[in-house]
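Inspection log for the structure reproduced underneath, given as structure tokens.
Just the heavy atoms: all of them, side chains too, but no hydrogens, waters or symmetry mates, feed the values below.
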Amino acid sequence: MCGIAGFCDFTQDIRGPEWQVVGWRMARTMERRGPDDRGLWRASHCLLAHRRLAVIDPEQGQQPMTVTLDGRTCALCYNGELYNTDALRSRLSALGHRFRTRSDTEVLLHACIQYGPEVGEQLEGIFAFAFWDRESLLLVRDRCGVKPLFYARMGDALVFASEPKALFRYPGLTPRADRETWQEVLAINPARTPGHGVFAGVHELPPGHLLRMTRGGVAQARWWNLLSLPHRESYEDTVAHLRELLVGAIRRQLVSDVPLCTLLSGGLDSSIITAVAARAYEAEGREPLETYSFDYTGNREFFRPSSFQPDADWPWVERMQREFGTRHRVLTCPQEPLVELLETAMEARDLPGMADVDSSLLYFCREIRKNHTVALSGECSDEIFGGYPWFHRRDMLESDTFPWCMDFSARSAVLNPELVAALELEDYARSRCQESRRSTPRLEGETGDAARRREVGWLNLNWFMTGLLDRKDRMSMYSGLEVRVPFCDHRLVEYVWNIPWEMKSRDGVRKQVLRDAAADLLPEDVRNRPKSPYPKTHNPQFEILARARLREILSDPNAPVHAVVNRQALEEGLLSDAGDYGRPWFGQLMAGPQMISWLIQLNGWMERHHLSL
């Protein structure tokens with residue numbers, strides 16, 4: 001895993017020292033993504049810059065990597081991991097390619113030479129990369145969007161990077177906000193419209209897309225998409241097929257030349273990953289698998305069950321640790337860092353995000369990085385198997401806007417009412433949702449609830465899941481930690497997409513097909529445990545500290561957030577009693593202590609980038 005950056009301009013020679021300085025400046029903004037090494041390469045019209053987090057073949061995988069074949073020099077700048085490296089190397093070797101390292105980077109470079117713009121179809125893994133082939137620049141992003149890639153145009157130049165902050169080191173490219181910027185941030189943040197970079201003029205290369213620049217111009221195309229097809233297998237065969245895909249995805253992602261661990265909450269998804277990994281380690285005669293779980297100071301005292309979070313994680317974590325003999329660490333986050341790291345988390349993400357959900361993950365990733373470089377996480381299972389309430393509740397299923405934020409009142413109550421009206425925030429969110437629904441890959445003849453759930457699943461994958469993946473990438477990579485997500489294996493996603501709802505939620509039990517696929521992998525009580533979300537603090541001290549920080553910000557008459565908020569509403573509401581720790585965080589970041597935290601991030605974002613309305 002790494003950070004990549006660069007630019008291409010066919011109208012001028014960019015080999016001069018001043019362009020080298022620009023390249024190094026862009027790379028420096030992402031040194032946390034790649035603390036192990038740095039590199040830069042230039043041709044007449046293209047510059048590639050790289051920051052490296054060494055995971056596979058640390059000694060020989062330096063980037064940018066080049067190769068000269070028949071007088072043709074090609075270069076690659078790559079962020080990600082390939083899980084079919086050995087098979088792809090064998091295939092390329094049979095075609096005449098020769099290799100000098102064990103790194104997946106070299107395999108990918110030769111694959112780009114061999115397959116050109118169709119290279120993505122040959123790859124299994126998570127990736128975002130730039131490939132230069134004498135007279136063209138090719139940018140490619142993985143199928144589910146696990147690894148980020150942004151770009152912008154500056155005159156005749158195409159500028160790209162893993163993170164927007166690096167783009168702004170290119171001469172003339174500065175952070176700007178237009179009407180859509182504010183609509184994205186205030187109406188649908190922490191999600192964002194696919195392909196939208198939020199900053200004016202900045203674009204995100206969407207998942208499963210490529211972009212190619214030649215002297216003739218720039219063209220973007222989709223190279224992968226889900227297909228809606230009839231599901232022909234019986235339930236028993238479906239369970240067996242799913243089990244095979246799932247175990248295979250997890251095992252392929254255990255390859256690493258540096259210390260690897262799993263994140264274990266005691267829930268179904270992380271427990272499956274830990275069970276498969278622990279058994280694989282045992283079968284190979286390796287040391288016991290190392291695992292981590294997350295908690296907060298005071299949670300055992302202040303936790304109260306709710307419909308959203310019916311029980312605490314820690315007894316289930318202990319159950320799994322005993323069952324599989326992992327070497328386990330419980331990471332406990334104090335309340336102070338949750339507030340102190342809010343603006344750091346915003347800086348890592350380049351945007352206001354999921355408030356304390358971001359700052360806590362940043363804290364935990366930093367702690368994990370002290371001992372490990374790679375972690376496996378259970379993200380995205382609920383997205384592909386339909387584990388969230390909006391797949392089950394009639395009102396959410398039939399909502400004409402994003403089902404995870406149907407009620408806009410919590411946001412509008414604290415925002416400047418004139419701004420809410422002028423930006424038409426509710427209408428913006430609704431129109432984006434409906435636009436996305438219309439792009440759902442349809443199954444011929446599918447109607448009613450089945451068709452509706454497919455639409456909601458499409459929204460889930462393209463909005464909610466990409467938001468979680470962005471959060472996971474930014475917080476982990478800002479800590480120099482690589483996090484892999486086996487549930488985003490594309491073959492698994494493609495297969496589950498077409499499993500009928502009556503199988504996914506058999507007998508009305510959420511994710512029953514996954515539970516049945518985990519039979520004999522997990523203890524029965526763990527296998528049947530109800531969904532539990534990412535852990536949050538239940539300690540009221542957090543609200544006290546966050547409220548004090550927001551009051552400190554608002555005491556400054558020059559704080560940019562004044563232009564956005566309704567100060568009277570804040571004084572009468574959140575600044576007197578934020579309350580309600582049982583409310584789910586998804587999409588409702590604008591409620592309770594999280595709204596306070598989000599406003600702190602929003603002010604920091606506006607201040608850092610000199611943005612105003």
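- In summary, Arg529 and Asp313 engage in a salt bridge, as defined by a charged side-chain N under 4.0 Å from a carboxylate O.
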Q: Check step by step if salt bridge (charged side-chain N to carboxylate O under 4.0 Å, His left out) holds for Glu482 and Arg369.
A: CA-CA 9 Å; Glu482 172 188 322; Arg369 184 60 175 89; over 6 Å; no
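- Shown are Thr344, Leu362, Asp358; of these, the side-chain contact (heavy atoms from CB on, under 4.5 Å) with Arg349 is made only by Asp358.
- For the residue pair Trp598 and Asn189, a side-chain donor N or O sits within less than 3.5 Å of a side-chain acceptor on the partner.
- Of the possible donor and acceptor atoms, one in the side chain of Ser270 sits under 3.5 Å from a partner among the backbone N and O of Ser265.
- Proximity of a side-chain donor or acceptor of Asn79 to a complementary backbone N or O of Gly3 within less than 3.5 Å is not detected.
- Within the 3.5 Å criterion, the main-chain N or O of Asp556 finds a donor-acceptor partner in the side chain of His562.
- Looking at Gln335 and Thr537, their side chains do bring a donor and an acceptor atom within 3.5 Å of each other.
- For Glu426 and Arg411, the salt-bridge test fails: no basic side-chain N is under 4.0 Å from an acidic carboxylate O.
- Taking both residues in full, the closest heavy atoms of Trp605 and Asp350 are given as NE1-O, 3.0 Å, listed atom of the first, atom of the second, then distance.
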Q: Please assess Gln594 against Val357 for the test side chain to side chain contact (heavy atoms under 4.5 Å, CB included), listing each intermediate value before the final yes or no.
A: CA-CA 8 Å; Gln594 281 196 308; Val357 178; 3.0 Å; yes
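- Phe464 and Trp404 have tilted rings, their planes meeting at an angle from 30° to 60° on a 0 to 90° scale.
- Taking CZ from Arg484 and CG from Asp489, the interatomic distance works out to 13.0 Å, rounded to the nearest 0.5 Å.
- Side-chain atoms of Asp178 never come within 3.5 Å of backbone atoms of Ala200 as a donor-acceptor pair (strictly under, hydrogens ignored).
- At a cut-off of 3.5 Å, with distance as the only test, no side-chain donor of Asp356 or Ser359 sits close to an acceptor on the other residue.
- For the pair Leu351 and Arg192, the minimum side-chain heavy-atom distance is below 4.5 Å.
- Between Glu163 and Arg32 there is no salt bridge, since none of the side-chain N atoms of the basic residue sits less than 4.0 Å from a carboxylate O of the acidic one.
- Between Leu599 and Leu554 there is no side-chain heavy-atom pair separated by less than 4.5 Å.
- Without hydrogens or angle criteria, Arg452 side chain to Leu397 main chain gives a donor-acceptor distance under 3.5 Å.
- Within the 4.5 Å cutoff, the side chain of Glu383 has heavy atoms near those of the Leu468 side chain.
- Residues Arg608 and Lys165 are not in side-chain contact: their nearest non-hydrogen atoms beyond the backbone lie 4.5 Å or more apart.
- Under the rule for a salt bridge (Lys or Arg N to Asp or Glu O under 4.0 Å), the partners of Glu552 that lie at least two apart in sequence or sit in another chain are Arg549.
- Between Trp463 and Phe402, a ring centre-to-centre spacing shorter than 6.0 Å is recorded.
- What you find for Arg515 and Val509 is that their closest heavy atoms are NE-CG1, 3.9 Å.
- Pairs passing the ring pair (Phe, Tyr, Trp, His ring centres under 6.0 Å) check and including a residue from residues 348-368, sequence neighbours excluded, read Phe294-Phe364, Tyr296-Phe364.
- Judged purely by distance below 3.5 Å, without hydrogens or angles, the side chains of Arg454 and Thr440 never pair a donor atom with an acceptor atom.
- Other residues, nucleotides and ligands contribute over 12 non-hydrogen atoms within 6.0 Å of the CZ atom of Arg179.
- Across Gln321, Glu318, His328, a single residue satisfies side-chain hydrogen bond (donor to acceptor under 3.5 Å, both in side chains) together with Ser293, and that is His328.
- Heavy-atom minimum distance, His609 versus Pro175: ND1-CG, 3.6 Å.
- Residues Thr291 and Val317 have side chains not in contact (no heavy-atom distance under 4.5 Å, counting atoms from C-beta outward).
- Closest approach of Ser479 and Met475 over heavy atoms only: OG-O, 3.0 Å.
- Heavy-atom contacts from other residues, nucleotides or ligands closer than 6.0 Å to CZ of Arg169 number 12 or fewer.
- For the atom pair Trp316 CH2 and Ser271 OG, the distance stands at 9.5 Å (nearest 0.5 Å).
- For Phe199 and Phe150, the gap between ring centers reaches or exceeds 6.0 Å.
- At distances below 3.5 Å, not a single donor-acceptor pair connects side-chain atoms of Thr326 with backbone N or O atoms of Glu290.
- Contact detail for Leu205 and Leu139: the closest heavy-atom pair is CD2-O, 3.9 Å.
- A salt bridge between Lys531 and Asp269 is absent, with no side-chain N of the basic residue lying under 4.0 Å from a carboxylate O of the acidic one.
- Atom OG in Ser399 sits 8.0 Å away from atom CG in Asp395 (nearest 0.5 Å).
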Q: For side chain to side chain contact (heavy atoms under 4.5 Å, CB included), just list the numbers for Leu268 and Ser381, CA-CA rounded to whole Å, side-chain angles, deciding distance to a tenth of an Å, and then say yes or no.
A: CA-CA 9 Å; Leu268 175 66; Ser381 171; 5.8 Å; no
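- Taking 4.0 Å as the cut-off between side-chain N and carboxylate O, Glu435 and Arg432 count as a salt-bridged pair.
- No donor-acceptor distance shorter than 3.5 angstrom exists from the side chain of His196 to the backbone of Pro194, with no hydrogens or angles considered.
- Taking the side chain as every heavy atom from C-beta outward, Val456 and Met396 never approach each other to under 4.5 Å.
- Glu398 has no carboxylate O lying under 4.0 Å from a charged side-chain N of Arg393, or vice versa, which leaves the two without a salt bridge.
- Using modelled atom types, no side-chain atom of Arg474 and backbone atom of Ala345 make a donor-acceptor pair closer than 3.5 Å.
- For His392 (side chain) and Gly386 (main-chain N/O), a donor-acceptor pair under 3.5 Å exists by modelled atom type.
- Distance check, rounded to the nearest 0.5 Å: CD of Glu455 to SG of Cys433 gives 8.5 Å.
- Around the CZ atom of Arg25, the shell of radius 6.0 Å holds no more than 12 heavy atoms that belong to other residues, nucleotides or ligands.
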Q. Where do Phe391 and Ser505 land on the side chain to side chain contact (heavy atoms under 4.5 Å, CB included) test, with the steps shown first?
A. CA-CA 10 Å; Phe391 287 94; Ser505 187; over 6 Å; no
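- Between Lys370 and Glu367 there is a salt bridge, with a side-chain nitrogen of the basic residue lying less than 4.0 Å from a carboxylate oxygen of the acidic one.
- Side chain to side chain, Glu184 and Thr193 meet the donor-acceptor criterion of an N or O pair below 3.5 Å.
- Phe487 and Ile384 get closest at one heavy-atom pair: O-CD1, 3.6 Å.
- Annotation: side chain of Val564 is in contact with side chain of Met606 (closest heavy-atom distance under 4.5 Å).
- For the atom pair CZ (Arg51) and CD1 (Ile4), the distance works out to 14.5 Å, reported to the nearest 0.5 Å.
- Salt bridge absent: Glu81 and Lys147 never bring a charged side-chain N and a carboxylate O closer than 4.0 Å.
- Lys504 places none of its side-chain heavy atoms less than 4.5 Å from the side chain of Arg453.
- Side chain of Arg141 to main chain of Gly208: no donor-acceptor pair is present (N/O by atom type, distance under 3.5 Å, no hydrogens or angles).
- Atom SG of Cys488 and atom NZ of Lys472 lie 11.0 Å apart (nearest 0.5 Å).
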